[in-house]
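Report on the following structure.
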Amino acid sequence: YPFRPRRFFVPLSAKNQNPLPPNAPTRPAARIINRHGMENFRPTRYTLTNVASGREFEDEGWMLEDPQAEGPTLVRTRYAARQLNLRGEEYGIYRFCDWLPIRRMLRGSHAPVTYKSVGLAERLGLKNLYITFSGYFPKIGAGMTTCSFKETEAYNVCARRAEDEQRVLVVASAGNTARAFAKVCSDNRIPLLLSVPEDNIKALWFEAPLDPCVKLIAPQSGGDYFDAIHLSDMALRSPRFYAEGGAKNVARRDGMATTVLSAATTIGEIPDYYFQAVGSGTGAIAAWEANQRLIEDGRFGNKVMKLMVSQNVPFVPMYDAWRAGSREMLPYDADRARADAEAIDAKVLSNRKPPYGICGGLYDALRATDGDILVATNEEAREARKLFEELEGVDIYSAAGVALATLIQAVEAGRVDRDKIVMLNVTGGGEECFQRGKELWYLKPHRVFPLDPDPASVAAVLDELFA
């Protein structure tokens, strides 16, 4: 999908939208994004804060945690810009760069798009249903060619990376994250090692062959996302590689937070409800953090969004822990977890070790927002996907179907005030639209490993791959 920069800043209001409250300044695009990135871009100014202790410290490069932390905790960014200055659409995801921990801007990005629903809103009886769409839907201006909100993560994680970094970035994924990172790293010649379960590699489709800087290894058929993480951890024993970091990487979370920034700057205020399906819960943590920044900004109100997150039955470990009132995850037999992961349509929601109980994690986010975890079956998610395509005009992924199915449940149960502002985070869609008429290219594993591989064998293969 060609990226053609606009030469002039066109405010969203010119498209009959209201991107910011009347007193909120936007910053016109004085500099233009070209095929090489942003001219004269200066890295975003920020510090890191230990969520548990409140200790503030400088980011010395690729810091994933506080070196002085006394226990497990996330760290958060604290930006020099307390108010968000929204740039033009030609900046892609980097229109939110004041609140992104980046060193540079990469070419080809797109931001999530938020619009007010008509068809689905009428069917559900909601007066203020806003859909934040991350995917490919040209009708509304959504141009993510991997069709997933994982692009919000990949473009910002890779933009946080130093240009002179010589090591290989390692990313474990259930599918969509790998596709996004593969695209961004291939387009920008960033060395990347992916670890994806063999059963999920059909998700690694692309419009064209990737640059050889992207390599793929896989745990054999029958493995799940946790097995992919285990395999990637073996690679990280070598100093040649470094971890992307998952939920611990502030660039990943703040990239995901752009979904809420898109919603708030379009609506003009913070939503009352936030619906999203979760595997790790990182997106919901990011939404909570964005909510706090928007309150501090002062122009979007002081509401605390109620986080209503969902999982796909039968893979529901966070739901089980939440219902038990437990900060800690409950025991989950590995064989049963693999079987449950295989049974769900939304494979991307199958994380056995999510950042749920860690300080600043999903448990804290739900407690702070009076939120809840809901569940949907495969059949409910399939019906929701059909309904969305019928009423909104585009296909959506299974995870987004889970989120919509639980929104429908909540509305029918009277748990949603129909007059309030509801944000539905559609985390992926438009694949059928994007792929129509195209001959796709698939990334194949360079090596498939057993579920309990010999570390020496893994090291030898990786030495050969990156010789």
Side-chain angles (χ1 to χ4, degrees), residues 112 114-115 117-126 128-135 137 147-149 174-176 259 263 271-284 287 305-320 322-323 340-351 354 362 366 369 371-418 420-432:
T114 299
Y115 68 96
S117 169
V118 176
L120 185 59
E122 288 181 354
R123 178 66 64 90
L124 298 183
L126 297 174
N128 292 292
L129 173 61
Y130 285 85
I131 295 169
T132 298
F133 190 92
S134 298
F137 192 13
C147 305
S148 168
F149 90 138
N176 287 350
T259 58
D272 297 284
Y273 300 90
Y274 173 91
F275 281 82
Q276 184 202 330
V278 295
S280 69
T282 307
M305 288 190 307
K306 183 184 287 288
L307 300 181
M308 305 289 278
V309 300
S310 49
Q311 295 207 278
N312 191 180
V313 174
F315 193 95
V316 292
M318 289 190 290
Y319 170 83
D320 289 339
W322 180 250
R323 283 288 175 271
D340 289 347
E342 178 61 29
I344 61 175
D345 284 354
K347 297 289 190 288
V348 296
L349 304 183
S350 57
N351 189 331
L362 184 63
L366 292 173
T369 64
D372 201 1
I373 303 182
L374 311 173
V375 296
T377 64
N378 286 341
E379 186 57 37
E380 289 171 327
R382 291 168 193 164
E383 289 300 316
R385 294 172 69 191
K386 291 177 184 176
L387 184 65
F388 192 95
E389 186 166 11
E390 173 192 339
L391 298 176
E392 298 295 331
V394 68
D395 60 286
I396 59 174
Y397 283 151
S398 295
V402 170
L404 176 54
T406 55
L407 170 59
I408 294 170
Q409 293 173 13
V411 170
E412 291 177 347
R415 299 188 61 187
V416 175
D417 186 330
R418 295 174 187 264
K420 298 290 187 180
I421 298 173
V422 178
M423 173 187 168
L424 174 62
N425 190 352
V426 174
T427 51
E431 182 176 299
E432 293 177 11

Task: Closest heavy-atom pair and its distance - E431, C147 - done: CA-SG, 3.6 Å
- [ ] Search all heavy atoms of Q276 against all heavy atoms of A284 and return the closest pair with its distance.
- [x] OE1-N, 3.7 Å
TODO: Answer whether the closest heavy-atom distance between the side chains of L124 and V416 falls below 4.5 Å.
DONE: no
Open item on the list: Let me confirm one number: the CZ-CG distance from R123 to L129, rounded to the nearest 0.5 Å.
Closed with: 13.0 Å
Open item on the list: Go through it in stages, so that I can follow the logic: the residues are N128 and D272, the test is side chain to side chain contact (heavy atoms under 4.5 Å, CB included), and I'd like the CA-CA distance, side-chain angles, deciding distance and then a yes or no.
Closed with: CA-CA 10 Å; N128 292 292; D272 297 284; over 6 Å; no
TODO: Say whether S134 and T427, considering side chains only, have a donor N or O and an acceptor N or O under 3.5 Å apart.
DONE: no
Task: Any side-chain heavy-atom pair of N176 and F149 under 4.5 Å - done: no
Task: Interatomic distance, M318 atom CE to W322 atom CH2 [nearest 0.5 angstrom] - done: 12.0 Å
TODO: Could you pull out all residues at least two apart from E389 that satisfy salt bridge (Lys or Arg N to Asp or Glu O under 4.0 Å)?
DONE: none
Open item on the list: Exactly one of T369, T132, N425 should register a side chain to side chain donor-acceptor pair (under 3.5 Å) with Y274. Which one does?
Closed with: N425
Task: Non-hydrogen side-chain atoms of L407 and Y273 separated by less than 4.5 Å - done: no
Task: Sub-4.5 Å side-chain heavy-atom contact between T259 and M423 - done: yes
- [ ] Flag the pair K347 / S398 as yes when at least one side-chain heavy-atom distance between them is below 4.5 Å, and no otherwise.
- [x] no
- [ ] Find the distance between CD (E122) and OG (S117) and round it off to the nearest 0.5 Å.
- [x] 8.0 Å
Task: Euclidean distance, K386 NZ relative to L391 CG, rounded to 0.5 Å - done: 13.5 Å
TODO: Measure across I421 and Y130 and return the closest heavy-atom pair with its distance rounded to 0.1 Å.
DONE: CG2-CD1, 4.0 Å
- [ ] Go through L126 and V411 one step at a time and tell me if the side chain to side chain contact (heavy atoms under 4.5 Å, CB included) criterion holds.
- [x] CA-CA 9 Å; L126 297 174; V411 170; 4.1 Å; yes
TODO: Verify, without hydrogens or angle tests, whether E380 (side chain) and T406 (backbone) share a donor-acceptor contact under 3.5 angstrom.
DONE: no
Task: Contacts of Y397 that satisfy ring pair (Phe, Tyr, Trp, His ring centres under 6.0 Å) - sequence neighbours left out - done: none
- [ ] May I ask you to test the V426-V394 pair for a side-chain heavy-atom distance under 4.5 Å?
- [x] no
Open item on the list: Does any part of the side chain of I344, heavy atoms only, come nearer than 4.5 Å to the side chain of N378, both counted from C-beta?
Closed with: yes
TODO: Would you name the heavy atoms of N312 and A376 that are closest together and state the gap between them?
DONE: ND2-O, 3.2 Å
TODO: Take L374 and R415 through the test side chain to side chain contact (heavy atoms under 4.5 Å, CB included) and record every step on the way to the result.
DONE: CA-CA 12 Å; L374 311 173; R415 299 188 61 187; 3.3 Å; yes
Task: Rounded distance (nearest 0.5 Å) linking atom CZ of R382 with atom CD of E379 - done: 6.0 Å
Task: Exercise: identify the closest heavy-atom pair between A403 and S310 - done: CA-OG, 3.6 Å
TODO: Kindly compute the distance separating NZ (K306) from NZ (K420), expressed to the nearest 0.5 Å.
DONE: 11.5 Å
- [ ] Answer whether the closest heavy-atom distance between the side chains of F275 and V422 falls below 4.5 Å.
- [x] yes
TODO: Measure across R323 and I373 and return the closest heavy-atom pair with its distance rounded to 0.1 Å.
DONE: NH2-O, 3.2 Å
Task: Short side-chain to backbone donor-acceptor contact, E432 and D395, under 3.5 Å - done: no
Task: Geometric class of the F137/Y115 ring pair [parallel <30°, tilted 30-60°, perpendicular >60°] - done: perpendicular
